2 protein chains.
Amino acid sequence: MAQKIKLSTIAETLGVSTATVSLALRDSPLVASVTRDKIKDQARALGYIYNRRAASLRTSRSGIIGVVVHDIMNPFYGEILKAIEAELDRDRQTFILSNHYDSVEKQRVFIETLLQLGGDGVIMSPAIGTPPEDIKLAEDNGMPAILVARSIEGVDVPIFRGDDAYGISLATNHLISLGHRCIAMVGGTDLTSTGRDRYLGYVQALRKANIDVDPDLRIPGPRSMQGGFEAAVHLLSLPQKPTAVVCWNDLVAIGMMNGIARAGLVPGRDVSVTGYDDLEEAAIATPALTTVWNGQSDVGRSAARALLDRLNGSHEPDGIHLIKPEMRIRQSTGPLRLQQGD
Amino acid sequence: MAQKIKLSTIAETLGVSTATVSLALRDSPLVASVTRDKIKDQARALGYIYNRRAASLRTSRSGIIGVVVHDIMNPFYGEILKAIEAELDRDRQTFILSNHYDSVEKQRVFIETLLQLGGDGVIMSPAIGTPPEDIKLAEDNGMPAILVARSIEGVDVPIFRGDDAYGISLATNHLISLGHRCIAMVGGTDLTSTGRDRYLGYVQALRKANIDVDPDLRIPGPRSMQGGFEAAVHLLSLPQKPTAVVCWNDLVAIGMMNGIARAGLVPGRDVSVTGYDDLEEAAIATPALTTVWNGQSDVGRSAARALLDRLNGSHEPDGIHLIKPEMRIRQSTGPLRLQQGD
DNA sequence: AGAGGGTTTAAGAGCGCTTTCAGGCATTGC
DNA sequence: GCAATGCCTGAAAGCGCTCTTAAACCCTCT
C-alpha cells in the first residue's frame, strides 16, 4: 500500500477544501453536481477508503447493529437471522453477529464490545438468566435493544416472538383429535419464557381434553437431534410407552424419529411425532414431519424493522408482539392404533 | 443516560490527567499500582465505556476481524466458524460475520465495509468467481486475508482446506472395495476448486480400479438435503440404477437416504451412500452415515491462528495448507448385493 | 452600474483517545 | 547533607472526519 488516501488527499489534488470533499461524497445539495462528480471520480481513482471510525467519532452514529442469539448454527435462529440480515441490508447497516451459548457472561461481553464500538442498536435473544441490568446497560448508554424469541422479566423493551402456548396447543390438540391420550413432551426447560409457555400450552390442551398430565412423560432438556434421539430410547423403554410425542422443535423431532426407527418402529404409524418451527428439513424428513410454523421470518423482519424505526426517531411502542403460529400437518402423525393391532 | 463518561471525566473527578487514566486502564507499568487501582475503581463506579473508535483512530488497530463464508447456516461452515470463534475469542478479538451466498458483489461490499471499519484482517471462503483484485483490495489497504475451504487462482495468501481429491478417493475406494462398480457422484460444481478436486478424486479412484466413468452418473449441483432428495428421485429412475452414491456432503447424503427410503429401498443395503464432512448429524442419521471427516475444526483453528500470528508480526509462510481427511465407516454403506438377490 | 438574491465554497473547532517527552518528587548512595 | 537515580505524572499534538458559520461568487433586476 502506497500511502493512506484521506479526504485531504483528495482535496489537495483537486484544490478544494476537505469540507467540500466530505459534503460531496455525502451527496450534500450544498455542493454543485459538477464539483461532486469530479470529486467522486477522483476518490475512485485514488482508491479512497472512507474511514468510518473517524466519521462516527464525530457523528456518534456507527451504522453497526449487533445481533446475539443462543447459537447461530441452530436453524431456528438461522431463519430469524436471515430475515434480520435482509432487512438490515436494505438500510446498509453492518451487523455483528454472535453466539452466547446461554452464557450470561459471554452475552455481557458482547454488549460491552458493541458499546465500545459505538453500536447503534442490538437485537438479542437473551441468554437464560439474563439480568435486566444487562439490557439496561445497553439502553442507558444510548443503544436501544430489541428482544426476539425469548422474553425476560423486568425490562420494557419491544419483544417479538411466536405465541408459544398457542402453538404447542395446536400440536397437542392435533394429536388428541387423532385419538392419542398418552402424549409425551420432549425438550424445553422452565428456565426460559419459551419453555414455560410451551409446557403450559401442552398441559392446558391435555386438561381441556380431560387427560391426566403424567410427569413421567415430560422430558425437559433436549434441543438437538442428538437429544431427541436419546429421548426416544428412554421413552420406548417406559412400561407405559407414549403413542405420541410433542417435540420441542424440529431437530428434536427428527432425532426422535430416528430413534423410533432404530427401535424397529415406524414413526407416524406406531408413534406419532410433532415438531416445532417448520424448518426446511421438516418437509423432507422421512416421514415428512408434522410441525408448527413459528413465524421465524416474521419475527426477524419485524424486530429489525422496529429497531431501524426506533433509530430513525419514530418510537415504536414497547411491549410484546406475538406472532400466531400455524399447523403444518404431514406424515409423522397418524391415528392411534390399538395396542396389538395390525 | 445521564451524560457521556469519558477519560477526562474520570481524570477530573480524581484530579489526575487523562494521560494517567489512559495509561492506567491499559495496565501500563508507568502508573503506580495504587493509582491504577483507584482509577479502575472510579471507572467502574462511573460506568465508563471505553471508546474503541477513538482509540483505533489513534492507534489504527481496531481489534476487528471479518469472516465471510458462503452461508453461515451451512453446518460445514458452522464447524469452521466455531473453531475460528474459539481461537479469536482467546485473543479478545471481535469478529464480524457475513454470508456472501456466492455473490461476488456482496462479498466485495463486505470487504469494503470492513476496510471502512478499520478491520485488522479477514478470513474468507471466497465466493465463486472471486477476482484476485478483491483480495488485493484488502491486502493493499493493510488488511491481511486468509482463505479457507476454497482456493482461488492468482493470489498468494495462505489457504487452509481439506485435501479434497484424497478425501473423495477414500470414499470411492471404500465403495469399490465393497464390490460396487456403478457408483454415482452427486453434488459439487466445476466452478469451485473444491468441486473440481473432488470430482477428480472420484474419477481417479474409478480409473485405478478400471471402472469406466459414466457421465450420466454425475449430478452436479446439489449441496443441500433438498438437493440430495431430488437427486435420489432422478438416479432411481435411471435404466441402469447406481448401487452406490458418493455425495458432495453429509446434507446431500442425508437427503439422498431420505429419497431412497421414500422409494421403498433401504439405504446401506439396496443403495450404499457416503457423505462428506462428518457433521454431528451424520452419526445419528438412520442408518448412521458413512462419511469422510474433512478437518473443519483444524481448518478454522489454523486459519485463525495464522491470521493472528500475521497480525503480530510473525509472517506465516503463504501457500496451501492441506488437512488430511479421514474415513468414518458406518451403516450407510454395505457390500454389493446381486440384482434380484435376498 | 450597483444592490440584492441565491448558490457555492472555506475555515475551523472538535469527537475521545494515545503516547512521547520532559519535569517533579522522593528515595538512595556517598 | 547533597547530588544522583528512579519512578510517576502532565502537557499537548493529532488520528480523519463532519458540519455550521460565514464569506465569496455570480447572476439578475432595477
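Residue numbers begin at 1 in each chain, while the letters A, B, ... track the order of the sequences. Note that the structure is predicted; figures quoted are calculated from it, not measured.
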(request) Would you mind reading off the distance between A:E12 atom CD and D:dG16 atom C1', rounded to a whole angstrom? (result) 13 Å

(message) Could you tell me how far apart A:I5 (CD1) and D:dC15 (P) are, to the nearest whole angstrom?
(response) 15 Å

(request) Please list, by residue number, the residues of residues 27-52 of chain B whose heavy atoms come closer than 4.0 Å to an atom of DNA chain C; answer none if no residue qualifies. (result) B:Y48, B:Y50, B:N51

(request) Could you tell me whether the side chain of B:N99 and the main chain of B:I72 form a donor-acceptor pair under 3.5 Å? (result) yes

(request) Starting from P on D:dT9, measure out to CG on B:L7 and report it in whole angstrom. (result) 15 Å

(request) Would you mind classifying the nucleic acid contact of A:A55 as base, sugar-phosphate or nothing, using non-hydrogen atoms under 4.0 angstrom? (result) sugar-phosphate

(request) Please tell me which of B:A54 and B:T20 maps to the more 5' nucleotide of DNA chain D, matching each residue to the nucleotide holding its nearest heavy atom. (result) B:T20

(request) Give a yes/no answer on whether the side chain of A:S22 brings an N or O atom under 4.0 Å of OP1 or OP2 in D:dC17. (result) no

(message) For A:R44, is there an ion pair with A:D41 - N to carboxylate O distance below 4.0 angstrom?
(response) yes

(message) Would you say B:S62 and B:R52 are linked by a side-chain donor-acceptor pair, where the criterion is simply a distance under 3.5 Å?
(response) no

(request) First locate atom NE2 of A:H100, then atom CZ of A:F110, and finally report the distance between them rounded to the nearest 0.5 Å. (result) 10.0 Å

(request) Return the value, rounded to whole Å, for the distance between atom CG of B:L14 and atom C1' of D:dC8. (result) 15 Å

(request) Round to the nearest Å and state the distance from B:R53 atom CZ to D:dG16 atom C1'. (result) 14 Å

(request) Tell me yes or no: between the side chains of A:H70 and A:R223, is some donor less than 3.5 Å from an acceptor? (result) yes

(message) If I take atom CZ from residue A:F160 and atom CD1 from residue A:I146, how far apart are they, to the nearest 0.5 angstrom?
(response) 5.5 Å

(request) Could you state the atom-to-atom distance from CZ of B:R26 to C1' of C:dT20 in whole Å? (result) 17 Å

(request) Please state how far atom NZ in B:K6 lies from atom P in C:dG16, giving the value in whole angstrom units. (result) 4 Å

(message) Taking the minimum atom-to-atom distance to the side chain of A:A19, which one of D:dC17, C:dG12, D:dA11 wins?
(response) C:dG12

(message) Measure CG/B:L115 against C1'/D:dG16 and give the value in whole Å, please.
(response) 16 Å

(message) Does either side chain, that of B:S56 or that of B:T59, offer a donor lying less than 3.5 Å from an acceptor on the other one?
(response) no

